[in-house]
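First the structure, in the form of structure tokens, and then the observations on it.
In listed order, ligands and their atoms are each counted from 1. FYI, side chains are in, hydrogens and waters are out, and symmetry mates aren't considered; it's all heavy atoms of this structure.
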Amino acid sequence: MDDPRIDGERLWASLMEMAKIGATPAGGVCRLALSDFDKESRDLFITWCEDAGCAISVDRVGNIFARRAGSDDGLAPVVTGSHLDTQPTGGKFDGAYGVLAGLEVMRTLNDHGVETKAPFEAIAWTNEEGCRFTTSMAGSGVFAGVYTLDDIRAHADADGLTFGEELERIGYAGAEAVGGRPIAAYFEAHIEQGPFLEAENKTIGVVTGGQGKRSFEITVAGRESHAGTTPMPARRDALMGAVHMIEEVEALALAKAPEGVGTVGMIEAKPNSRNTIPGSAFFSADLRHPDPAALDDMAAGLKRSCGRIAEARGLTYEMTEVTHYPATKFDEACVSAVRGAAERLGYSHRDIISRAGHDACSMAHIAPAAMIFVPCENGISHAEIENATPDDLAAGCNVLLHAMLQIDGS
Ligand code: HGY
Ligand code: MN
Ligand code: MN
């Protein structure tokens, strides 16, 4: 077999075409999970994979599998994938890069007439982002047995539409059972979404694992009353209580610097009227740290602070954990395959841990898994200005191709 290289221009063109689906005026993408734009992107991915001769299957949680036969179809497949759903003000590359890099691998194998031993699969996972429907990495999580299909299908969005209803509405409640089949290895190409590769002028991140995450929803209850007539000492202001709890999210992360991070991305006051003291306040808290004990410390600290602040202000609160995934360690052989491919192809590289969650973190529960990072401009992601270069994206895809071929032994 010759020493194949992917077609970087074709990969870039596919990314730009896919980015038109859900394109926002500021140059980003809004393709919320199970929305019409998500459907449109899935349909396009399937069309391209069928044009590349892949056999398509869709499982009951909507994961799409594009399979290219190997010489021995009985072997467990070598697979790659990521997600097509985005944040509300997402970018062109988060997720779509890994899905279309998988397609580019298939196209390149076809161009070079490569017959792999095992089948190869390119996957688009359902609802990785977890913004419209809580629980990120949902599709890969059901595939890996982390979540049950029924639980995930029952999740409702802010309008009360359930995951299951929306999956059926867009026609992607597939027939295939979810998971329960052997996978030889899983690789995922993704932009780093952080600043380190660009800062160190490295082309490839050899991802050795991912940090853990614990995220919560907190609802604070006080008493609605008149903004003008209620003396300050008599107030049960739920939003003011939440403000002090929110300050604790930042303080807990800073206390675990430089690794600890804490974010409050959602906040809501009720009745949300400018001259009524809020009787209820809701906020989300996203805590992350590579060290499990430190992460648990942060979570315990938040619970203590919420109790103390509520008590002092005559408020009550409820705190629900909505996501908890542990730190992930990727498979040594797969990580070495990524590092070896980067070296053989002559790309600068460094080991790195992922500070974002990825479908690879689900897959690591049931198969040898690893990831390939490429830089993104100023380390920015989950933003419409998210950007990456065609050369870096092509480099990451070449590493993906050669890592998969190495594990396949072809
Ligand atoms: O939140 C995450 O880390 C991922 O981007 N869904
Ligand atoms: Mn992603
Ligand atoms: Mn993301």
Checklist entry - Between G81 and Y186, which heavy-atom pair has the shortest distance, and what is it? => result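 Residues G81 and Y186, closest heavy atoms: O-OH, 3.0 Å.
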Does [X] come within less than 4.0 Å of [Y], counting only side-chain N to carboxylate O?
| X | Y | value |
| --- | --- | --- |
| D3 | R5 | yes |
| E129 | R132 | no |
| E192 | R355 | no |
| R60 | E176 | no |
| D7 | R107 | no |

Next on the checklist: If we only consider heavy atoms of Q87, is any one of them less than 4.0 Å away from an atom in ligand 1?
Outcome noted: no
Checklist entry - Has R288 got any heavy atom lying under 4.0 angstrom from an atom of ligand 1? => result yes
Checklist entry - the Mn ion (ligand 3) is nearest to which N, O or S atom of E129? => result OE2
Item to check | Residue H382 atom name (nearest to the Mn ion (ligand 3); N/O/S) | outcome: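 Nearest N/O/S atom of H382: NE2.
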Checklist entry - Under the criterion side-chain hydrogen bond (donor to acceptor under 3.5 Å, both in side chains), which of H358, Q87, Q193 is the partner of D94? => result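 Of the listed options, the one satisfying the test is Q193.
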Checklist entry - the Mn ion (ligand 2) as vertex, arms to NE2 of H190 and NE2 of H83: angle to 10°? => result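 That angle works out to 110° after rounding to 10°.
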Next on the checklist: Nearest N/O/S atom of D94 with respect to the Mn ion (ligand 2), by atom name, please.
Outcome noted: OD1
Would you say [X] and ligand 1 have an N/O pair spaced under 3.5 Å apart?
| X | value |
| --- | --- |
| H382 | yes |
| E129 | yes |
| Q193 | no |
| G357 | yes |

Checklist outcome for this item: dist L401:CG -> I6:CD1 (nearest 0.5 Å) comes out at 8.5 Å
Item to check | Donor-acceptor contact below 3.5 Å, side chain T24 vs main chain G28 | outcome: yes
Checklist entry - Does E128 bring an N, O or S atom to under 2.8 Å of the Mn ion (ligand 3)? => result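 False for E128.
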Next on the checklist: Within the 4.0 Å heavy-atom shell around A356, which atoms of ligand 1 are there?
Outcome noted: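 Result: 3 (O).
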Next on the checklist: Closer than 2.8 Å to the Mn ion (ligand 2): does that hold for any N, O or S atom in D359?
Outcome noted: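 Under 2.8 Å: D359 has no N, O or S contact with the Mn ion (ligand 2).
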